[in-house]
Amino acid sequence: MSMDRRRPSTATATDADAAVQTAAPQAAAHRQPSDAKDSPASVARPKRGVPEGLWLKCDGCGATIYRKEAEEKLNVCPQCGFHWYVSAAKRIEQLLDAGTFEEWDADLKPADPLGFRDKKPYAERIVAEQKRTGLKDAALTGTGMIRARRVACGVTDSSFIMGSMGSVVGERLTRLVERATAGKLPLIIISASGGGARMHEGILSLMQMAKVSAALARYSQAGGLFISVLTNPTMGGVAASFASLGDLCFAEPRALIGFAGPRTIKATIRVELPKGFQTSEFLLEHGFIDRIVPRKDLKSEIARAIDYCGG
Ligand SMILES: [Zn+2]
């Protein structure tokens with residue numbers, strides 16, 4: 001990871017960018033924050049993912065869709081089943097029983113230990129992202145009910161600095177896992193992270209992978225059930241740590257899931273990559289994930305898995 005301040009792009013960010021821009025047509029629809037990070041106007045832009053307006057153009061099939069109709073279907077295209085981005089807050093709303101979510105560790109805020117600066121100071125970037133997304137950082141964690149079963153639940157949001165795992169995301173998830181362990185709660189983490197480590201926080205970011213993974217190992221030893229849900233995109237250090245460690249790994253259809261982006265891999269190993277590489281469907285076929293679950297079924301599938309595993 002480069003700390004050279006003249007050259008802000010690290011391998012981590014670049015790889016994930018490349019992945020999002022090139023891998024799958026549906027991924028391109030979900031604009032990553034990095035796309036606009038160099039533009040002073042980016043702060044004023046509306047939330048990414050689902051653009052404003054009454055009508056949406058589907059990035060899966062090209063059809064023009066009435067926004068309300070897509071929203072009624074949990075931001076899924078009624079024509080082709082394309083799954084649009086949903087924010088962390090919306091995801092919680094979709095997944096948990098109404099009014100049951102209680103946020104944990106809401107007061108954790110990112111620090112800027114390196115005084116990092118690329119096109120703009122990290123401290124300023126954080127404030128702008130917080131204002132734009134309404135989140136303190138890229139993860140939302142807490143407890144709630146799924147069809148009357150109490151769970152510990154965490155969600156990452158790719159619209160906040162690519163959903164990358166800085167110290168706040170790592171700490172919130174670690175505390176979530178530890179509370180799930182102490183409270184003997186099933187644990188659900190929904191990943192939507194186009195980035196892995198957050199370069200702006202240097203080693204403090206990189207160590208979060210090991211920290212969350214160690215907490216998950218203790219949770220597992222205590223007999224906990226961890227259901228990891230991978231959504232578009234789940235890349236980098238998030239994919240390489242907690243997102244891949246589920247007792248059950250579910251994925252939304254046609255999600256982009258991988259470590260480095262396909263362009264980087266191709267440039268490194270110099271072979272043609274298989275068709276559909278790094279999609280949910282490809283990974284299911286190769287045993288990396290257990291089940292592809294359309295968004296409309298996610299709540300009932302998780303509830304069913306909890307019951308099946310005696311949670
Ligand atoms: Zn469509």
Side-chain angles (χ1 to χ4, degrees), residues 1-21 31-45 48 88 105-141 154-178 191-215 233-243 259-261 264:
M1 193 181 314
S2 167
M3 285 296 111
D4 182 342
R5 295 181 191 190
R6 287 164 304 173
R7 300 183 60 221
S9 288
T10 66
T12 306
T14 309
D15 289 355
D17 268 356
V20 168
Q21 286 161 10
R31 289 283 155 237
Q32 293 301 304
S34 60
D35 289 348
K37 68 184 172 191
D38 300 337
S39 155
S42 65
V43 176
R45 276 170 51 158
R48 289 170 182 79
D105 305 305
D107 53 337
L108 288 181
K109 287 183 213 151
D112 182 19
L114 302 174
F116 192 89
R117 182 188 179 96
D118 43 25
K119 290 286 164 69
K120 65 176 162 186
Y122 180 51
E124 277 179 30
R125 186 181 296 284
I126 284 288
V127 172
E129 291 288 293
Q130 286 173 336
K131 208 168 146 195
R132 190 177 58 76
T133 63
L135 294 166
K136 294 248 176 55
D137 207 297
L140 197 55
T141 54
V155 185
T156 69
D157 190 323
S158 60
S159 75
F160 194 107
I161 315 188
M162 296 173 73
S164 54
M165 183 160 49
S167 49
V168 170
V169 173
E171 183 64 21
R172 282 192 75 151
L173 290 176
T174 301
R175 291 186 188 190
L176 175 78
V177 177
E178 286 174 346
S191 302
S193 291
R198 187 175 297 168
M199 61 176 181
H200 315 72
E201 295 181 17
I203 191 67
L204 295 176
S205 172
L206 207 55
M207 67 178 274
Q208 304 305 323
M209 292 168 65
K211 190 171 86 179
V212 181
S213 300
T234 297
M235 298 294 288
V238 167
S241 63
F242 64 87
F259 183 60
T264 310

Glu124: salt bridge (charged side-chain N to carboxylate O under 4.0 Å, His left out) partners, not counting sequence neighbours: none
Shortest non-hydrogen separation from Ala197 to Ser164 and the atoms involved: O-CB, 4.0 Å
Min side-chain heavy-atom separation Asp157-Thr133 under 4.5 Å: no
Parallel, tilted or perpendicular: rings of Phe116 and His200 (30°, 60°): perpendicular
With Leu108 via side-chain contact (heavy atoms from CB on, under 4.5 Å) - residues at least two apart: Asp105, Val168, Glu171, Arg172, Arg175
Salt bridge (charged side-chain N to carboxylate O under 4.0 Å, His left out) partners of Asp137, counting only residues at least two apart: Arg198
Closest contact, heavy atoms only, Thr141 versus Gly154: CG2-CA, 4.0 Å
Gln208 side, atom CD; Ser213 side, atom OG - distance, nearest 0.5 Å: 10.5 Å
Side chain Glu129, main chain Ile161, donor-acceptor under 3.5 Å: yes
Donor-acceptor pair, side chain of Ser193 and main chain of Gly163, under 3.5 angstrom: yes
Non-hydrogen atoms of Thr156 and Ala192 that approach each other most closely: OG1-N, 2.7 Å
side-chain contact (heavy atoms from CB on, under 4.5 Å) assessment of Phe160 paired with Arg132: CA-CA 9 Å; Phe160 194 107; Arg132 190 177 58 76; 5.6 Å; no
For residues 233-242, run the donor-acceptor check on the side chains, cut-off 3.5 Å, and write out each pair with its distance to 0.1 Å, sequence neighbours left out.
unit_1: Thr234; atom_1: OG1; unit_2: Ser191; atom_2: O; d: 3.2
unit_1: Thr234; atom_1: OG1; unit_2: Thr231; atom_2: N; d: 3.4
unit_1: Thr234; atom_1: OG1; unit_2: Thr231; atom_2: O; d: 2.8
unit_1: Ser241; atom_1: OG; unit_2: Gly237; atom_2: O; d: 2.8

Partner set under salt bridge (charged side-chain N to carboxylate O under 4.0 Å, His left out) for Lys136, not counting sequence neighbours: none
Separation of Lys211 NZ from Leu204 CG (nearest 0.5 Å): 9.0 Å
Approximate separation, where rounding is to 0.5 Å, of Leu206 CG and Ile203 CD1: 4.5 Å
